[in-house]
Amino acid sequence: MATSATTPRLHVRSDFPIFAREIDGRPLIYLDSAATSQKPAAVIEAMDDYYRRHNANIHRGVYTLAQEATDLFEGARERVAAFTGAETATTIFTRNATEAINLVAYAWGRANVGPGDVVLITQMEHHSNIVPWQLLCQGTGAELRYLDVSDEGTLSLDQLDAELAGGRVKLAAFAHISNVLGTINPVAEMASRVRAAGALSLVDASQAVPQIPVDVAAVGADFYVWTGHKALGPTGIGVLHGRRDVLEAMPPFLGGGDMIRVVDWQESTWNDLPWKFEAGTSMIAEAVGLGAAVDYLGELGMENVRAHERALAAYALERLADVGGVRVIGPPDPDERGGVISFELEGVHPHDVAELINRQNVCVRAGHHCAMPLMRRLGVPATARASLGPYNDASDVDALVEALVNAKKVFA
Amino acid sequence: MATSATTPRLHVRSDFPIFAREIDGRPLIYLDSAATSQKPAAVIEAMDDYYRRHNANIHRGVYTLAQEATDLFEGARERVAAFTGAETATTIFTRNATEAINLVAYAWGRANVGPGDVVLITQMEHHSNIVPWQLLCQGTGAELRYLDVSDEGTLSLDQLDAELAGGRVKLAAFAHISNVLGTINPVAEMASRVRAAGALSLVDASQAVPQIPVDVAAVGADFYVWTGHKALGPTGIGVLHGRRDVLEAMPPFLGGGDMIRVVDWQESTWNDLPWKFEAGTSMIAEAVGLGAAVDYLGELGMENVRAHERALAAYALERLADVGGVRVIGPPDPDERGGVISFELEGVHPHDVAELINRQNVCVRAGHHCAMPLMRRLGVPATARASLGPYNDASDVDALVEALVNAKKVFA
Amino acid sequence: MDDLYRDYILDHYKQPRNFGELEPHDLEAHDHNPLCGDEMGVHIRVRDGKIADLRFHGQGCAISQAAASIASEEYVGMPVDDVGQLDADWVIDLLGIPISATRRKCALLNLKVMRGATTGDASWPE
Amino acid sequence: MDDLYRDYILDHYKQPRNFGELEPHDLEAHDHNPLCGDEMGVHIRVRDGKIADLRFHGQGCAISQAAASIASEEYVGMPVDDVGQLDADWVIDLLGIPISATRRKCALLNLKVMRGATTGDASWPE
Ligand SMILES: Cc1ncc(COP(=O)(O)O)c(C=O)c1O
Ligand SMILES: Cc1ncc(COP(=O)(O)O)c(C=O)c1O
């Protein structure tokens with residue numbers, strides 16, 4: 001038993017009100033942070049306070065409340081940008097990661113991709129980083145191509161080079177961390193090769209921002225997207241970081257209030273970045289909540305979050321071997337993976353695994369994890385997935401293992 | 001002085017925590033509900049409770065928390081649909097009204113509008129009901145045409161008929177209630193004429209749902225959109241009600257998680273309504289909050305909300321005449337208008353009006369109210385706008401009048 | 001004993017009746033449970049307006065597999081036109097276990113593909 | 001006396017200096033404050049690299065109009081090349097009143113159009 005895991009570095013569970021909840025007299029063993037994270041009190045209270053004391057529409061109000069709301073909203077944007085090492089003006093709030101990717105596929109894609117061009121993605125992408133590109137390719141006559149996933153759950157830089165050498169790739173989109181395999185991809189290296197080939201890159205960092213220290217400038221991708229609710233923030237908000245020159249050259253996506261400079265009868269001109277891409281009333285309370293979330297994560301220190309989750313994942317990989325009949329999918333080395341552990345339990349369908357262990361209040365996800373193509377590649381109909389947050393500790397892993405042992409018995 | 005207004009029908013201010021706030025020792029006189037409404041404690045607490053006790057991602061989770069979150073989310077959808085007299089399956093959650101309109105303009109518009117077709121809107125639309133159609137027309141070669149606004153702030157059904165008689169109109173989009181003029185448009189009659197002419201209609205009910213009883217089925221439009229934050233709900237959520245056959249025939253808008261049935265390498269099939277149009281993780285807490293908002297409004301009774309605001313608007317129109325130099329824009333008859341009162345104060349720019357009366361904590365909006373074309377039609381650079389919510393009473397109107405009298409003195 | 005995973009459920013799961021392919025067949029359908037990715041297909045042989053034989057195939061959880069296996073024994077011999085009349089309660093009663101909202105679609109998938117094959121209606125049974 | 005709407009501000013607002021059009025002119029620009037819809041244009045006549053004469057026009061609040069009027073008296077006689085060096089503080093100091101974040105763009109609109117006319121840079125002064 002790894003002592004590093006049994007003595008976890010973070011002790012923050014009490015910051016998260018949901019863990020006060022018991023179901024049938026038992027505590028909550030929450031191992032589904034890759035689907036959505038739990039929220040610290042600081043995040044919930046920041047939104048509460050916004051609605052109770054400062055609520056007003058932003059940007060155009062002269063009165064005090066409207067100024068406060070504007071400052072809270074734009075202040076949150078500054079802190080979110082600083083947290084990920086991005087510029088404030090190129091940090092755009094979207095509804096979620098999915099909308100951020102669609103924004104790029106519609107606004108940049110429809111203007112820049114045509115017949116014969118290639119959009120390159122990978123076999124490990126989430127549906128949100130597949131379907132927008134399918135729609136783009138179908139709409140423009142471009143070709144959608146995939147980088148393979150190895151049996152260990154990794155990508156090949158050589159294959160990337162070979163695809164780029166074809167000269168037709170216009171944009172390559174790939175996950176920073178896979179939500180199924182846990183694989184941490186070498187995104188800075190990939191983005192730099194894509195750029196050298198004259199193409200653009202989009203990194204889906206939905207799983208990375210909550211798990212590891214990220215630096216948008218250092219990654220150097222043209223677009224870098226993530227989603228608030230997985231990063232201790234609220235639902236209803238996501239982030240698109242873009243390169244300034246690319247964003248400036250792009251036509252807008254959604255039209256409406258706030259994204260315009262002047263609306264004339266037949267045409268309009270656009271507001272400056274980032275507002276050009278933020279149509280209609282913004283997710284004001286959600287931005288305030290996300291600001292509180294990155295403040296909280298910043299105080300924990302993302303190196304500490306990563307070290308904590310890495311140790312815990314290593315411990316989980318060890319302990320799962322004790323169950324017997326558990327097959328873990330994805331890279332075996334804890335240094336090469338995040339805190340997302342997909343597995344199969346011999347003889348028990350993942351759906352039944354999730355149902356059975358829920359009886360001990362152990363929450364894991366079962367299914368295709370919005371990655372049907374990857375399931376096909378792996379030759380499995382579905383997997384069970386346990387995923388970690390900063391609030392987890394070794395006792396959660398122990399509870400999972402115990403619950404799995406019991407589940408096996410039912411199907412024995 | 002109208003006694004009906006000095007004895008308001010609703011006494012609900014204490015339900016709204018923000019009114020406990022004082023600035024510089026003075027109470028808040030909030031007259032900007034057309035920009036965004038304040039929120040009752042019930043709404044704030046519902047979201048709080050969601051995050052503290054039930055937070056999980058929805059639809060695919062087997063464990064208890066995920067089931068609870070799914071029930072809360074889908075239960076909110078049912079109540080929202082019931083509140084507006086719509087079907088649950090055709091009630092789609094969007095980011096805001098703006099996104100709902102863009103969804104239609106992209107998904108329905110790009111598939112159904114072509115060169116020579118006409119999209120018909122009105123001179124009183126909010127930018128969110130103008131710019132998406134400009135973008136659609138620019139992208140497809142269709143023509144954008146406008147129904148005029150009369151000097152009294154109304155539309156002409158004869159002009160609508162004349163436009164429809166041209167035979168080229170594919171879609172007509174118009175506000176249920178204008179956010180500048182307060183005009184209540186005869187939307188059921190308009191939708192029926194549009195339908196008779198073989199075109200589709202979209203009603204922008206952003207200002208109507210919070211102010212008057214609405215019945216989506218009775219209006220009979222093909223699309224009916226509104227936004228949560230103006231209807232006592234949270235930011236980050238809007239609603240699109242659509243006709244089932246139209247929605248079913250439409251291609252999807254955003255691609256990603258949750259809106260798919262099966263994702264294959266090159267193409268995908270779509271989920272049933274309403275999820276086909278809800279890509280990525282939904283605004284879960286926001287839906288819960290919006291559900292609480294419609295519950296609250298339902299308990300007040302929208303007839304009562306309307307009666308209260310109508311009486312208060314009538315009182316305001318009377319009292320504003322006392323100030324001297326105030327010119328009110330829009331229909332003079334309180335039966336024909338909602339609780340939105342735009343005005344000019346002679347010799348004082350609206351921006352200065354708003355700044356000066358904010359010193360007495362009176363919150364009004366000044367500017368073009370995201371309706372630049374209407375400002376051009378009215379021949380004004382901007383207006384000041386006072387708008388009502390159920391929490392307002394005659395004392396707020398009195399405070400506005402007093403503040404305007406003081407503002408006049410500064411510029412005298 | 002487990003409430004949901006009763007012995008006969010596990011038995012049908014581990015040794016599903018009428019499982020496999022059926023060639024030639026007269027009717028067929030294939031569908032998915034979008035929530036979990038389970039898939040199920042059916043091949044049906046019709047004689048004199050009745051279901052003479054049928055086979056389910058695909059991959060899924062114990063509930064979806066056991067439900068298909070148990071229901072298959074009822075489908076055989078049934079007039080083809082009757083399948084469209086069957087509703088969700090029919091399957092759930094047949095299973096005889098408490099089915100939560102989340103597992104409902106697992107239980108109903110076999111009826112969905114049966115209705116798809118016999119009536120062309122691929123909506124979820126209600 | 002009012003902190004913001006001081007007598008000289010109101011005086012410049014009610015009787016703006018250098019207001020109107022200037023024909024012919026050598027340089028011009030036109031811009032908006034997207035927050036409130038205020039618009040402002042400028043016509044500039046240049047002699048020997050200096051601003052020989054100028055006129056502002058457009059519609060706006062007391063702050064934007066007074067700022068343009070007060071600043072216009074400084075612009076006249078200034079080398080054209082110097083306009084690009086002026087920053088936000090220059091205008092705000094000139095106005096001599098406390099400018100909140102919301103009113104900042106009102107105060108800066110005149111400098112924005114001046115820089116637009118002389119350097120082509122239409123961004124907001126910082
Ligand atoms: C009439 C009208 N339509 C549309 C909108 C846009 O609403 P949202 O900004 O929430 O999308 C508004 C309010 O801003 C409005 O008043
Ligand atoms: C890797 C990855 N990309 C994208 C998404 C989509 O995020 P959202 O649903 O918040 O848009 C997710 C999570 O669902 C994810 O794990």
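Keep in mind it's a predicted model, so treat the numbers as computed, not measured. Only this structure's heavy atoms are used, side chains among them; waters, hydrogens and symmetry mates stay out. Naming convention: chains lettered A, B, ... in sequence-line order (proteins, then strands); numbering from 1 in each chain.
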With the side chain counted from C-beta on, respond yes when [X] and [Y] share a heavy-atom pair under 4.5 Å apart, and no when they do not.
{"X": "Thr281(A)", "Y": "Thr98(B)", "result": "no"}
{"X": "Ile260(A)", "Y": "Met372(B)", "result": "yes"}
{"X": "Arg376(B)", "Y": "Asp264(A)", "result": "yes"}

Just give me the residue among [options] that pairs up with chain A most often, heavy atom to heavy atom, under 4.5 Å.
{"options": "Gly255(B), Pro252(B), Ser37(B)", "answer": "Gly255(B)"}
{"options": "His54(B), His126(B), Glu45(B), Met47(B)", "answer": "His54(B)"}
{"options": "Ala35(B), Gly280(B), Cys363(B), Pro17(B)", "answer": "Cys363(B)"}
{"options": "Asp258(B), Ile237(B), Val263(B)", "answer": "Val263(B)"}

Notebook entry, point to check: Less than 4.0 Å between a side-chain N and a carboxylate O, is that true for Glu68(A) and Arg21(B)?
Noted result: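 Here Arg21(B) pairs with Glu68(A) in a salt bridge, since their nearest N and O are under 4.0 Å apart.
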Pairs of heavy atoms under 4.5 Å with chain B: top-ranked of [options]:
{"options": "Arg110(A), His369(A), Gln123(A)", "answer": "Gln123(A)"}
{"options": "His368(A), Gln134(A), Glu99(A), Met259(A)", "answer": "Gln134(A)"}
{"options": "Asn129(A), Val362(A), Asn96(A)", "answer": "Asn96(A)"}
{"options": "Val131(A), Leu135(A), Asn361(A)", "answer": "Val131(A)"}
{"options": "Gly139(A), Gly61(A), Gly367(A)", "answer": "Gly61(A)"}
{"options": "Ala287(A), Ala371(A), Pro234(A), Ala366(A)", "answer": "Pro234(A)"}

Go through the atoms of [X] and report whether side chain, backbone, both or neither lie under 4.5 Å from a heavy atom of chain A.
{"X": "Met375(B)", "result": "neither"}
{"X": "Leu254(B)", "result": "both"}
{"X": "Thr227(B)", "result": "neither"}
{"X": "Val43(B)", "result": "neither"}
{"X": "Ala66(B)", "result": "side chain"}
{"X": "Leu31(B)", "result": "neither"}
{"X": "Ile23(B)", "result": "side chain"}
{"X": "Gln138(B)", "result": "side chain"}
{"X": "Leu28(B)", "result": "side chain"}

Check: Does the pair Asn102(B) and Tyr106(A) meet the rule for a side chain to side chain contact (heavy atoms under 4.5 Å, CB included), with working shown?
Finding: CA-CA 12 Å; Asn102(B) 279 276; Tyr106(A) 272 99; over 6 Å; no
Between [atom1] on residue [X] and [atom2] on residue [Y], distance to nearest 0.5 Å:
{"X": "His229(B)", "Y": "Ile284(A)", "atom1": "NE2", "atom2": "CD1", "result": "7.0 Å"}
{"X": "Asp48(B)", "Y": "Arg52(A)", "atom1": "CG", "atom2": "CZ", "result": "7.0 Å"}
{"X": "Ser33(B)", "Y": "Asn57(A)", "atom1": "OG", "atom2": "CG", "result": "11.5 Å"}
{"X": "Leu144(B)", "Y": "Glu267(A)", "atom1": "CG", "atom2": "CD", "result": "11.0 Å"}
{"X": "Met283(B)", "Y": "Arg95(A)", "atom1": "CE", "atom2": "CZ", "result": "4.5 Å"}
{"X": "Thr235(A)", "Y": "Asn55(B)", "atom1": "OG1", "atom2": "CG", "result": "8.0 Å"}

Margin query: Ring centroids only, cut at 6.0 angstrom: are Phe16(A) and Tyr51(B) within range, meaning strictly under it?
Written below: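 Here the rings of Tyr51(B) and Phe16(A) have centres that are no less than 6.0 Å from each other.
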Checklist line | Aromatic plane relationship, Trp265(B) with Tyr146(A) - under 30° parallel, 30 to 60° tilted, over 60° perpendicular | finding: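 Tyr146(A) vs Trp265(B) ring planes: perpendicular.
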Check: Under 30°, 30 to 60°, or over 60°: which ring-plane class applies to Tyr30(A) and Tyr63(B), parallel, tilted or perpendicular?
Finding: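 Answer is perpendicular, since the angle exceeds 60°.
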Item checked: Residue pair Gly256(B) / Pro132(A): nearest heavy atoms and the distance that separates them ->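 Between these two residues, the closest heavy atoms are N-CD, 4.5 Å.
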Notebook entry, point to check: If you look at every heavy atom in Cys370(A) and Gly257(B), which pair is closest and at what distance?
Noted result: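 Closest pair (atom of Cys370(A), atom of Gly257(B), distance): SG-CA, 4.1 Å.
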Next item on the list: Give a yes or no answer on whether the side chain of Thr36(A) reaches the backbone of Ala56(B) with a donor-acceptor pair at less than 3.5 Å.
Entry: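 No, Thr36(A) side chain to Ala56(B) backbone: no donor-acceptor pair under 3.5 Å.
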Next item on the list: Sort Ile58(A) into side chain, backbone, both or neither according to what part of it lies under 4.5 angstrom from a heavy atom of chain B.
Entry: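 Backbone only.
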Checklist line | Step-by-step side chain to side chain contact (heavy atoms under 4.5 Å, CB included) determination, Ile18(B) to Leu65(A) | finding: CA-CA 10 Å; Ile18(B) 205 158; Leu65(A) 230 49; 4.0 Å; yes
